[in-house]
Protein chains: 2
Amino acid sequence: MHALSTFIDGLSGLSARGWELLQPALSELAYKKNDYLLKTGQVCDALFFISRGYCRAFYDKDGQEINTDFFFENEIATSINSFGQGVPSVFSIQACENLSVVRFDKRRLFEAAAQSTEIETLGRKCLQRIAAKQEKHAAMFKIMNATERYAYMTAHFPEILQRVSLTQLSSYLGLARETLSRIRAKR
Amino acid sequence: MHALSTFIDGLSGLSARGWELLQPALSELAYKKNDYLLKTGQVCDALFFISRGYCRAFYDKDGQEINTDFFFENEIATSINSFGQGVPSVFSIQACENLSVVRFDKRRLFEAAAQSTEIETLGRKCLQRIAAKQEKHAAMFKIMNATERYAYMTAHFPEILQRVSLTQLSSYLGLARETLSRIRAKR
DNA sequence: GTTATTTTGTGACATTCGTCACAGCCGGAT
DNA sequence: ATCCGGCTGTGACGAATGTCACAAAATAAC
């Protein structure tokens with residue numbers, strides 16, 4: 001739980017009472033590599049705080065898997081659309097390594113938030129961070145070409161480069177594996 | 001203000017007291033076509049609820065303007081990164097038509113939220129909607145090619161097609177104006 | 001240590017897309 | 001009516017990217 005409390009302190013913090021109210025919503029879970037945290041078609045009823053390992057969100061386009069996101073330690077993995085609107089998720093979330101997570105149960109989280117403004121604020125800040133990540137990521141595709149996108153990733157998210165295979169990374173950057181390989185070959 | 005109250009009711013609603021607390025944060029403003037709501041480099045200290053007209057967010061890539069977003073009636077326009085983190089915005093927001101907006105002042109909004117959980121909840125729901133929009137939009141670039149992106153827009157956001165010129169739309173879809181013109185020519 | 005399996009690199013070629021140039025069209029201003 | 005500016009379409013051509021095929025390298029499994 002230590003990683004989680006550091007994460008929460010970085011957002012807006014919680015009083016002792018806030019923590020107490022939050023407890024019923026939390027559970028520590030372990031996933032094995034390739035296990036699913038969420039499958040396409042399911043309604044996402046939880047947030048997953050990643051404490052160790054990493055996972056990916058991917059979309060199945062007639063048999064071909066396209067990665068739409070990666071979640072590393074101290075990030076929240078979820079489908080915003082599914083979680084927020086209560087609709088089936090259009091993508092899956094799968095562990096890429098053995099994974100330790102803290103699961104936030106949606107129903108219990110909302111109950112806790114209803115009793116404590118602190119927790120409501122925490123949820124807002126968390127969403128703010130997710131929205132900001134998506135805003136930047138969406139802009140990347142409009143502003144940059146393939147070479148620039150790769151350079152941007154190496155400059156701003158070197159961790160992803162180190163831990164994710166190029167095969168997995170290519171679809172996240174919106175290009176073919178071979179193209180990414182050739183971009184890297186040019187210096 | 002009627003459009004705003006309908007919008008808020010659609011999120012989570014507000015009691016009479018909530019409305020009263022929110023008032024000091026709100027101001028009705030009019031922008032003329034081509035006026036700026038936010039300029040690159042400024043810190044965004046407000047949310048803009050669009051009640052009439054529409055505006056665009058665009059990034060300046062060495063002289064060339066690239067549209068990253070459009071905001072129509074009953075949407076919230078802002079830079080999440082700048083507003084949330086208090087950092088200078090990397091893009092501008094500009095009126096594409098004469099515009100009527102309700103401005104939410106950041107400082108006063110936070111004061112109101114501190115006094116009322118309702119308003120805090122409203123902020124969270126609003127962010128949730130923005131995050132969901134970005135999540136879908138970012139996925140579009142990874143999952144679809146140019147032709148599919150255009151077809152997706154016509155199917156899901158016909159309003160944008162009707163009101164935004166193809167010249168403006170092309171950069172939003174991540175392609176050259178001429179390419180969009182040719183995609184349309186093929187049936 | 002050896003064998004599978006996965007990952008990465010590379011060549012050949014087709015397709016898509018961007019860039020430049022120019023023409024036609026439309027609407028607003030005078 | 002005329003002019004002007006912005007928007008859209010189109011041709012020509014080169015650059016970028018995708019696809020298919022296969023080999024080399026790295027990693028995992030036994």
Side-chain angles (χ1 to χ4, degrees), chain A residues 32-35 53-56 58-67 70 94-99 140-154 158-187, chain B residues 32-35 53-56 58-68 70 94-98 140-154 158-187:
Chain A
K32 289 227 158 63
K33 180 172 176 174
N34 296 329
D35 280 355
Y54 80 94
C55 57
R56 66 177 180 131
F58 72 94
Y59 183 94
D60 184 306
K61 190 182 183 181
D62 30 73
Q64 189 189 5
E65 294 181 356
I66 299 174
N67 294 316
F70 293 101
Q94 184 185 34
C96 298
E97 300 175 348
N98 290 340
L99 213 58
M140 187 173 80
F141 285 91
K142 283 169 259 189
I143 295 168
M144 308 176 195
N145 62 27
T147 305
E148 290 167 337
R149 290 202 293 277
Y150 175 71
Y152 178 81
M153 292 298 292
T154 59
E159 187 181 28
I160 298 190
L161 270 289
Q162 287 159 15
R163 298 177 68 180
V164 177
S165 79
L166 300 180
T167 304
Q168 297 287 338
L169 184 66
S170 61
S171 60
Y172 182 67
L173 292 176
L175 34 89
R177 182 188 65 78
E178 294 91 334
T179 302
L180 178 55
S181 177
R182 288 181 181 114
I183 286 172
R184 284 160 50 83
K186 292 187 278 188
R187 56 180 314 143
Chain B
K32 288 227 158 64
K33 180 173 177 173
N34 296 329
D35 280 355
Y54 79 95
C55 57
R56 66 178 181 132
F58 72 94
Y59 183 94
D60 185 306
K61 189 181 184 181
D62 30 73
Q64 189 188 5
E65 295 181 355
I66 298 174
N67 294 316
T68 54
F70 293 101
Q94 184 184 33
C96 297
E97 301 176 346
N98 289 340
M140 186 173 81
F141 285 90
K142 283 168 262 191
I143 295 168
M144 308 176 195
N145 63 26
T147 305
E148 291 167 338
R149 290 203 293 278
Y150 175 71
Y152 179 80
M153 292 298 293
T154 58
E159 187 181 27
I160 299 192
L161 270 291
Q162 288 158 14
R163 297 177 68 179
V164 177
S165 78
L166 300 180
T167 303
Q168 296 287 339
L169 184 66
S170 62
S171 61
Y172 182 67
L173 291 176
L175 34 89
R177 181 188 66 77
E178 296 89 335
T179 303
L180 179 54
S181 177
R182 287 179 183 116
I183 285 172
R184 284 160 49 84
K186 290 187 279 188
R187 57 183 305 139

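Below, all heavy atoms of this structure are taken into account, side chains as well, without hydrogens, waters or symmetry copies. Every chain is numbered from 1, with letters handed out A, B, ... down the list of sequences.
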Tell me whether B:Tyr59 contacts the main-chain N or O of A:Lys142 through its side chain, where contact means a donor paired with an acceptor under 3.5 Å.
no
Using the ring of each side chain (for Trp, its six-membered ring), is B:Tyr172 parallel, tilted or perpendicular to B:Phe70, with breaks at 30° and 60°?
perpendicular
Rounded to whole Å, please give me the gap between CG in A:Leu166 and P in D:dA24.
20 Å
Rounded interatomic separation in angstrom, taking CD from A:Glu97 and P from D:dA28
11 Å
Give the rounded distance in Å between these two atoms: CG of A:Asn34 and P of C:dT6.
11 Å
With distance as the sole test, does B:Gln94 use its side chain to make a donor-acceptor pair with the main-chain N or O of B:Arg56 at under 3.5 Å?
no
Residue-phosphate contact under 4.0 Å: A:Ser165 side-chain N/O, C:dT6 OP1/OP2:
no
Do any N or O atoms from the side chain of A:Asn98 and from the backbone of A:Lys33 form a donor-acceptor pair under 3.5 angstrom?
yes
Would you please confirm or rule out a distance under 4.0 Å between OP1 or OP2 of D:dT10 and any side-chain N or O of B:Ser181?
no
Got a donor-acceptor contact below 3.5 angstrom from the B:Arg149 side chain to the B:Met144 backbone?
yes
Rounded to whole angstroms, how far apart are NZ on B:Lys142 and P on D:dT17?
17 Å
Checking the side chain of B:Gln162 only, and the main-chain atoms of B:Glu159 only, is there a donor and an acceptor separated by less than 3.5 Å?
no
What is the distance from NZ of A:Lys61 to P of D:dG18, rounded to the nearest Å?
12 Å
Once each nucleotide of nucleotides 11-29 of chain C is scored for protein heavy atoms under 4.0 Å, what B/S/- sequence comes out, 5' to 3'?
BB----SBBBB--------
Five-pair end axes of the helix from C:dG1-D:dC30 to C:dT30-D:dA1 and the angle they enclose, rounded to 10°:
50°
Phosphate OP1/OP2 of D:dG9 contacted by B:Arg184 side-chain N/O (<4.0 Å)
yes
